[in-house]
Amino acid sequence: MKTARHSKLVRWAWVALIAAFVGGCHRLKHDLVPVPIPDATDLEPSVRNALARARAEFDRIADRKPDAVELGNAYGELAMTYQAQSLVPPAEAAYANARALAPGDKRWPYLLGHLYNDASRVPEAIAQFEAALSIDGRDSPTLLSLGEAYLQHGDLDKSQAMYKKLESDGAARAAALTGLGKVALAMHQYKEAADYLEQALKLSPTSTRLRQPLAMAYRGLGDGAKAEQNLRQYAVEGVEPGILDPLAEALDAKVAASRTRVRRGQRLGKAGRFDLAEAEFRAAVEADPTNADAIANLGISLANLGRIDEARRRLSESLAIDDTNALAHFSLGVVLDRQGLDQLAMNQYQAALERDPANLQARVYLADAKMRIGLAQDAAALYQQALKQSPDSHRMQLSLAMANVKAGRHGDACKVLELALKAHPGDPDIINTLARILATAPHATLRDGPRALNLAKGLFESTRDPEVGQTYAMALAETGGFEQAVVLQRETIIVFEHTGGERKKPFLQKNLARYEQRKPTREGWAADDPVFQPRSPAAQLAKALPPS
């Protein structure tokens, strides 16, 4: 349970011992300790405000002469506010008082255990988790936390026992199996570790962080292939199986630091939980309305949730505060792209590149937009730069080739595709594109009908793809096989008619007419072919919302 760290606690002011006052009025016989008030000078305004509100609420309750249980709860709530801001000494003192006043409440030792664990005071954390477990022996969050703490401390048998007990909770089984796998790995029981972690991944397939310990288990078993396979799927910022933990959620809700909320939202966004990320970024913006980074991240989350109009407003708002944020410019470009505003999107992609010249995505999306508005030569130059950044990219190779085709530079397109074919032998997209240019290039010196026929025939026989069927018919016509070209073109038209390809029909019929006249075609693609209107998945046009 990680929260933000505030390193500068310059001085401590010790307040009058409220507990003594309460004890005098209520005859409460508890050994309570004073709760220090941290110097908040260097804290964010939102944090200062949260601490002031929490202390005022505590004072309000204490002033009305509460009983031990109510006062214990007030101390616990105050401790949570301090813990949420990573203010350890006052949180520790307030939890101690909460425990003294309400010894049967499992919340306070459980949260104090996390406070100690986050402060790397593992033995003290274990003692508190054990105290919480003695109050509720089947509490899944406590079992999980204690299992993790025992594992950290090297108490492997005790850790294993906690995870075994946790395994009986069906909702927590993936987390329990993960823990058992890690314990087995620490015990060098590689087969058991692999079995546990594989089971955990079946229950939680998106938990990519498990791939690293699983790779270690396979390496221990001597299976290098499986180890490498899992390492390729590992993501350091991925997730592990978790469990529902209401106390952790309540503590998270008390985090007031805008920067902490932003970091948490970013982690959620990387895990694909844009709905949860949105809530964190909204809280960050509420805590600090001038935080341009928080506003930009909120806009990005909204865009990923499909709420394009608000995303555009938020990203524009962020850039009005801080125009240097390359990611905000790029993200606004994507939003404008999705709205079909090519020129405005291009302006933002260009701004992103000016601030971050190595931004590959901005360069590619800018090239795509230039292709769509007919600036093929400009697009080709950008794709060429992108290919230098990512030399083996199949997408860059094809995009550069098609930009050259659109610009009338078929020779350059062929050179790109020949190199691509060497890097990706057997790739159907590269083979089909190269074959089509060899069959239809305007310049006779570039055409190679026999090779085009050989490439297209082999690919069509293995795929029966109608797009390849077009290319095969073009190659047949180029080599004089007009009768076969006519038959194949007619069959291809029928397939497109039945698969939603009506838009392609005019171009297909135009080529059919040429073949019927025993003429080859010199157009590989229609001028309005979608291949000349590229869009990356993130920049797909947003669907219009129905009228309200």
Side-chain angles (χ1 to χ4, degrees), residues 1-2 105-107 109-114 116-118 122-123 125-221 223 226-227 229-230 233-235 238-252 267 271 273 276:
M1 186 188 297
K2 303 296 182 186
D105 194 326
K106 72 180 180 185
R107 293 178 295 169
Y110 175 73
L111 290 169
L112 182 54
H114 278 293
Y116 286 144
N117 203 44
D118 289 349
V122 179
I126 287 173
Q128 293 302 322
F129 289 140
E130 287 175 340
L133 196 65
S134 70
I135 298 169
D136 182 356
R138 304 201 63 81
D139 183 61
S140 291
T142 305
L143 288 168
L144 179 61
S145 300
L146 190 51
E148 290 173 344
Y150 280 141
L151 180 58
Q152 277 181 276
H153 201 241
D155 298 328
L156 301 183
D157 290 335
K158 289 183 177 180
S159 178
Q160 187 178 59
M162 293 300 106
Y163 290 129
K164 281 287 186 184
K165 196 170 182 180
L166 180 64
E167 197 177 3
S168 63
D169 179 354
R173 189 160 185 267
L177 290 167
T178 297
L180 289 168
K182 290 180 178 180
V183 171
L185 189 62
M187 292 177 168
H188 305 293
Q189 297 172 352
Y190 300 118
K191 185 180 184 306
E192 291 81 355
D195 289 344
Y196 282 130
L197 293 168
E198 289 284 14
Q199 289 180 64
L201 276 165
K202 284 182 181 177
L203 294 172
S204 182
T206 60
S207 295
T208 52
R209 287 192 68 183
L210 298 189
R211 296 291 179 179
Q212 194 265 350
L214 182 56
M216 292 176 63
Y218 279 123
R219 187 165 289 158
L221 289 169
D223 193 336
K226 283 190 176 180
Q229 179 185 2
N230 278 282
Q233 298 176 70
Y234 168 66
V239 295
E240 287 191 7
I243 63 173
L244 185 63
D245 189 345
L247 283 178
E249 292 177 4
L251 185 63
D252 285 347
R267 287 196 298 271
R273 292 305 309 270
L276 300 179

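Residue numbers count from 1 along this sequence.
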(message) Checking the side chain of S159 only, and the main-chain atoms of D155 only, is there a donor and an acceptor separated by less than 3.5 Å?
(response) no

(message) A side-chain contact here means heavy atoms from C-beta on lying under 4.5 Å apart; do R138 and K165 qualify?
(response) yes

(message) Would you say that P241 contacts L210 through its side chain, given a criterion of any heavy-atom pair below 4.5 Å between the two side chains?
(response) yes

(request) First locate atom OH of Y116, then atom CG of L111, and finally report the distance between them rounded to the nearest 0.5 Å. (result) 12.5 Å

(request) Supply the atom-to-atom distance Q152 CD to I126 CD1, rounded to the nearest 0.5 angstrom. (result) 8.0 Å

(request) Report the residue from L166, T178, L203 that forms a side chain to side chain contact (heavy atoms under 4.5 Å, CB included) with R173. (result) L203

(request) Inspect the contact between K182 and E240 and indicate whether a charged nitrogen and a carboxylate oxygen are less than 4.0 angstrom apart. (result) yes

(request) Over all heavy atoms of both residues, which pair between G113 and F129 is shortest? Give the atoms and the distance, please. (result) C-CZ, 3.5 Å

(message) Please report the interatomic distance NE2(H114) to CD(E148), rounded to the nearest 0.5 Å.
(response) 7.5 Å

(message) Counting C-beta onward and ignoring hydrogens, is there a side-chain heavy-atom pair between I135 and P109 closer than 4.5 Å?
(response) yes

(message) Using 0.5 Å steps for rounding, measure from the CE atom of M216 to the CZ atom of R219.
(response) 8.5 Å

(request) Please report the closest heavy-atom contact between Q229 and Q233, naming both atoms and the distance. (result) O-NE2, 3.3 Å

(request) Flag the pair V183 / K158 as yes when at least one side-chain heavy-atom distance between them is below 4.5 Å, and no otherwise. (result) no

(message) As an exercise, state the distance from CG of L112 to CG of N117, rounded to the nearest 0.5 Å.
(response) 11.0 Å

(request) List the atom of N230, the atom of A215, and the distance in Å for their closest heavy-atom pair. (result) CB-CB, 4.0 Å

(message) Looking at K226, I'd like to know if its NZ atom is crowded, meaning that more than 12 non-hydrogen atoms belonging to other residues, nucleotides or ligands lie closer than 6.0 Å.
(response) no

(message) Go through it in stages, so that I can follow the logic: the residues are M187 and D157, the test is side-chain contact (heavy atoms from CB on, under 4.5 Å), and I'd like the CA-CA distance, side-chain angles, deciding distance and then a yes or no.
(response) CA-CA 10 Å; M187 292 177 168; D157 290 335; 3.4 Å; yes

(request) May I ask you to test the Y218-E198 pair for a side-chain heavy-atom distance under 4.5 Å? (result) yes

(request) To the nearest 0.5 Å, tell me how far L146 CG sits from Y110 OH. (result) 10.5 Å

(request) Measure across G147 and M162 and return the closest heavy-atom pair with its distance rounded to 0.1 Å. (result) CA-CB, 3.8 Å

(message) Within the 4.5 Å heavy-atom criterion, are L177 and L197 side-chain neighbours or not?
(response) no

(message) Among residues at least two apart in sequence or on other chains, which ones pass side chain to side chain contact (heavy atoms under 4.5 Å, CB included) with D139?
(response) K106, D136, P141, T142

(request) Would you mind reporting whether K164 and L180 have side-chain heavy atoms less than 4.5 Å apart? (result) yes

(message) When you compare the side chain of R209 with that of V239, does any pair of heavy atoms fall below 4.5 Å?
(response) no

